[in-house]
Structure formats: C-alpha cells, structure tokens
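Take a look at the structure below.
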Amino acid sequence: MQADCIFCNIAQGKIPANLVYEDEHVVAFHDISPAAPVHVLVIPKKHIANLLEVSIEDCQFVTQLMTKIPLIAEQLGLAEKGFRTVINTKDDGGQTVHHLHVHILGGRFMTWPPG
Ligand code: 5GP
Ligand code: ZN
C-alpha cells in the first residue's frame with residue numbers, strides 16, 4: 001500500500017470505484033474516463049509501479065492478474081467477440097497512474113496501430 005497512490009486506495013476501498021471483480025489479490029473496476037463502450041482496469045492489490053518493476057518474486061501477483069482476465073472478460077460479455085488489453089508503461093507508453101494495471105477495452109472493433 002502506497003498512501004498517495006490512487007489505485008492502492010481503490011484496492012483498499014478507501015476511494016470508491018465501480019468494481020466488477022475482487023478477490024484476495026486482484027481488483028477490477030470501470031475506468032472513470034472510458035475509451036470504449038467497455039473499459040475496465042485490472043490491478044494487483046500489491047503496489048507495483050509499472051511493468052519495469054515486475055520481478056520474478058512478483059510472479060504470483062502477475063499470474064493472479066493475468067489469469068483473472070478471462071473471468072472478467074466473460075463477466076463483461078466480451079469473451080465471444082474479443083477485446084483489447086493494454087499495459088501502458090511510463091511517459092512514452094502513456095502511463096498516468098503509476099500502479100500496474102491492465103486496461104480491458106471492448107464493445108467495439110479496435111483499430112491497429114494504436115495512437
Ligand atoms: P494509464 O494512462 O496510466 O494507462 O491509465 C490510467 C487510467 O486510470 C486512465 O484510463 C484513467 O481514466 C483512469 N483513472 C484515473 N483515475 C481514476 C479514478 O480515480 N478512478 C477510476 N475508476 N479510474 C481512474
Ligand atoms: Zn498503488
């Protein structure tokens with residue numbers, strides 16, 4: 001828990017969010033500024049700043065994060081047509097919240113390459 005981290009505070013229930021999934025290790029909630037008809041963020045409860053900070057000791061948290069995505073996508077009704085997952089890392093990646101998170105974007109066709 002990092003006191004000044006907005007996603008740590010959401011994970012702890014100290015800042016409200018529209019949760020779609022929660023377990024011991026992972027929380028998923030609707031993005032406050034959706035970029036698609038469905039836009040959900042999946043985070044580890046443990047504070048990890050970004051993908052560059054992931055070490056082999058974090059493998060259980062990363063495994064928990066990734067293996068909950070199928071469940072969440074199914075629950076959001078995205079499993080049949082598919083969806084985009086995005087992890088932004090630092091400035092050039094467009095990261096604005098420095099707590100590791102996976103964007104799940106769906107409900108429309110996603111173009112490539114991204115902007
Ligand atoms: P990033 O730009 O770091 O990859 O993604 C951060 C995302 O968090 C953005 O899409 C932004 O809209 C979302 N976000 C920022 N603050 C909040 C918040 O307080 N609540 C929720 N639900 N989403 C947030
Ligand atoms: Zn955090």
Side-chain angles (χ1 to χ4, degrees):
M1 168 80 190
Q2 189 169 294
D4 62 349
C5 171
I6 193 157
F7 287 178
C8 282
N9 279 284
I10 287 174
Q12 299 290 317
K14 293 178 178 166
I15 290 178
N18 189 357
L19 298 196
V20 298
Y21 179 84
E22 179 171 17
D23 65 24
E24 187 185 348
H25 300 289
V26 169
V27 183
F29 50 93
H30 288 280
D31 196 292
I32 204 167
S33 180
V38 180
H39 187 174
V40 163
L41 304 171
V42 191
I43 68 169
K45 286 189 171 175
K46 182 188 176 186
H47 181 85
I48 301 170
N50 61 49
L51 209 47
L52 290 166
E53 300 295 320
V54 172
S55 67
I56 195 71
E57 286 75 33
D58 293 319
C59 68
Q60 62 164 319
F61 303 107
V62 175
T63 300
Q64 289 290 335
L65 187 69
M66 296 305 286
T67 58
K68 299 302 160 39
I69 290 173
L71 294 175
I72 296 163
E74 183 79 49
Q75 188 183 317
L76 293 169
L78 300 177
E80 189 184 342
K81 295 193 84 174
F83 53 91
R84 171 79 45 89
T85 44
V86 175
I87 301 176
N88 295 324
T89 303
K90 296 182 81 176
D91 290 350
D92 274 6
Q95 186 177 12
T96 58
V97 177
H98 299 283
H99 179 127
L100 181 64
H101 52 280
V102 180
H103 296 256
I104 299 178
L105 298 144
R108 64 169 168 82
F109 181 78
M110 299 291 154
T111 58
W112 190 265

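Whatever order the structure lists them in is the order used to number ligands and atoms, beginning at 1. Along the sequence shown, residues are numbered consecutively beginning with 1. In this text, all values refer to a predicted model and were calculated from it rather than measured experimentally.
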Salt bridge between E22 and K45, side-chain N to carboxylate O under 4.0 Å?
yes
Any side-chain to backbone donor/acceptor pair from Q60 onto H25? Under 3.5 Å, distance only.
no
If you measure from CD1 on I43 to CD1 on I10, what distance do you get to the nearest 0.5 Å?
6.5 Å
Show your working on side chain to side chain contact (heavy atoms under 4.5 Å, CB included) between L19 and F29 and close with a plain yes or no.
CA-CA 4 Å; L19 298 196; F29 50 93; 3.8 Å; yes
Kindly say whether T111 contributes a backbone atom to a donor-acceptor pair with the side chain of R84 at under 3.5 angstrom?
yes
Inventory of protein N or O atoms under 3.5 Å from ligand 1 N or O:
unit_1, atom_1, unit_2, atom_2, d
ligand 1, 2 (O), G94, O, 3.0
ligand 1, 2 (O), T96, N, 3.3
ligand 1, 2 (O), T96, OG1, 2.8
ligand 1, 3 (O), T96, N, 2.7
ligand 1, 3 (O), T96, OG1, 3.2
ligand 1, 3 (O), V97, N, 3.0
ligand 1, 3 (O), H101, NE2, 3.0
ligand 1, 4 (O), N88, ND2, 2.8
ligand 1, 4 (O), H101, NE2, 2.9
ligand 1, 4 (O), H103, NE2, 2.8
ligand 1, 5 (O), H101, NE2, 3.0
ligand 1, 5 (O), H103, NE2, 3.2
ligand 1, 10 (O), D31, OD1, 3.2
ligand 1, 10 (O), D31, OD2, 2.5
ligand 1, 12 (O), D31, OD1, 2.5
ligand 1, 22 (N), H30, O, 2.9
ligand 1, 22 (N), I32, N, 3.4
ligand 1, 23 (N), I32, N, 3.2

Under 2.8 Å from the Zn ion (ligand 2), the protein N, O or S atoms, given as residue and atom
C5 SG, C8 SG, H47 ND1, H99 ND1
Pair H99 and H101, ring centroids less than 6.0 Å apart
no
Are the side chains of E53 and D58 in touch, meaning some heavy atoms are under 4.5 Å apart?
no
Would a distance-only check, ignoring hydrogens and angles, find a side-chain to backbone donor-acceptor pair under 3.5 Å from Q75 to V20?
yes
For the residue pair L100 and F61, establish whether any side-chain heavy-atom pair is separated by less than 4.5 Å.
no
